Amino acid sequence: MSIPTLIVALIFSQNNNESKPQLETVSGYQEEKTDLDLMNPLWEQDDKAIELDERNYIIHDGFYYVPIDEEVNESQLDTILGTVTRIGEWEDRREGDTRQYIPGTKYYSIKGIKDKDKIAIEILWHTIYEHKILKYQVMEREKPISETPQHGR
């Protein structure tokens with residue numbers, strides 16, 4: 001027995017400048033679409049269009065640093081700037097806070113680059129048998145944490 005292919009059409013009617021979804025039946029199947037269904041998923045959006053709070057970051061020296069498509073090797077690292085202290089969302093954001101990196105992960109200045117512009121963070125591999133650094137991801141400075149609304153919990 002084959003499963004019939006369903007094509008569902010979405011028709012919007014204009015009423016007082018509002019788009020209202022309507023139902024259309026195709027092969028006896030009804031489906032309602034809303035404006036939420038028409039939004040682009042995160043993986044199709046440009047990184048800059050996604051709010052800073054929705055991206056990975058680390059806080060250093062009062063600024064958000066976000067990963068960019070760049071890596072450095074160990075010989076390019078300068079000094080340890082800090083260590084990831086907390087993971088998650090916090091009302092009071094401070095040095096070493098992140099949404100992604102494991103507490104204890106170190107971040108560094110990069111030789112020849114002011115740490116005000118870019119830093120590097122360890123990307124770690126953890127298992128119960130092994131702990132190693134896979135690479136050093138470059139992170140670029142974004143806006144200060146003072147310009148970002150704090151989340152209430």
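Each residue takes its place number in the sequence, starting with 1. Keep in mind that what you see is a predicted model, and the values were worked out from it rather than measured.
Atom OG of S75 is separated from atom NZ of K111 by 6.5 Å, given to the nearest 0.5 angstrom. Expressed to the nearest 0.5 Å, how far CD of E142 lies from CD1 of I59 amounts to 12.5 Å. Between atom NZ of residue K132 and atom OG1 of residue T127 there is a gap of 9.0 Å, rounded to the nearest 0.5 Å.
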* To do: Evaluate the criterion side chain to side chain contact (heavy atoms under 4.5 Å, CB included) for residue pair I110 and I119; output intermediate values, then yes/no.
  => CA-CA 6 Å; I110 303 169; I119 62 174; 5.6 Å; no
* To do: Given side chain to side chain contact (heavy atoms under 4.5 Å, CB included), test V72 with L77 step by step and report yes or no.
  => CA-CA 8 Å; V72 293; L77 301 177; 3.9 Å; yes
* **Pair E130-W125, side chain to side chain contact (heavy atoms under 4.5 Å, CB included): steps then yes or no** => CA-CA 7 Å; E130 187 178 22; W125 172 260; 3.4 Å; yes
* side chain to side chain contact (heavy atoms under 4.5 Å, CB included) between E89 and R99, worked out -> CA-CA 7 Å; E89 289 296 324; R99 292 188 64 200; 2.9 Å; yes
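Contacts of I87 classified as side chain to side chain contact (heavy atoms under 4.5 Å, CB included), with partners at least two apart in sequence or in another chain: T98, P103. Partners of E74 under the salt bridge (Lys or Arg N to Asp or Glu O under 4.0 Å) rule, at least two apart in sequence or in another chain, do not exist in this structure. Taking R94 as the reference, D92 meet the salt bridge (Lys or Arg N to Asp or Glu O under 4.0 Å) condition, with sequence neighbours excluded.
Proximity of I58 to V84: side-chain heavy atoms (C-beta onward) are separated by under 4.5 Å at one or more points. Looking only at side-chain heavy atoms (C-beta outward), L124 and I133 come within less than 4.5 Å of each other. In this structure the side chain of Y107 reaches within 4.5 angstrom of the side chain of H60, judged on heavy atoms. No side-chain heavy atom of K106 sits under 4.5 Å from any side-chain heavy atom of Y101.
For the residue pair E122/Y108, the side-chain donor-acceptor check at 3.5 Å is satisfied. Between the side chains of Y64 and R93, at least one donor N or O sits under 3.5 Å from an acceptor N or O.
Judged by distance alone, with hydrogens and angles left aside, the side-chain atoms of K135 form no donor-acceptor pair with the main-chain N or O of I121 at under 3.5 Å. Looking at T83, its side chain never comes within 3.5 Å of a backbone N or O of G104 through a donor-acceptor pair. With hydrogens and angles ignored, the 3.5 Å screen pairs a side-chain donor or acceptor of Q137 with a backbone N or O of E70.
We find that R86 and D97 are joined by a salt bridge, their nearest charged nitrogen and carboxylate oxygen being less than 4.0 Å apart.
With a 6.0 Å cutoff to the six-membered ring centre and a 45° limit on the axis angle, R141 counts as a cation-pi contact of F63.
Atom CG of N73 has more than 12 neighbouring heavy atoms from other residues, nucleotides or ligands inside a 6.0 Å radius.
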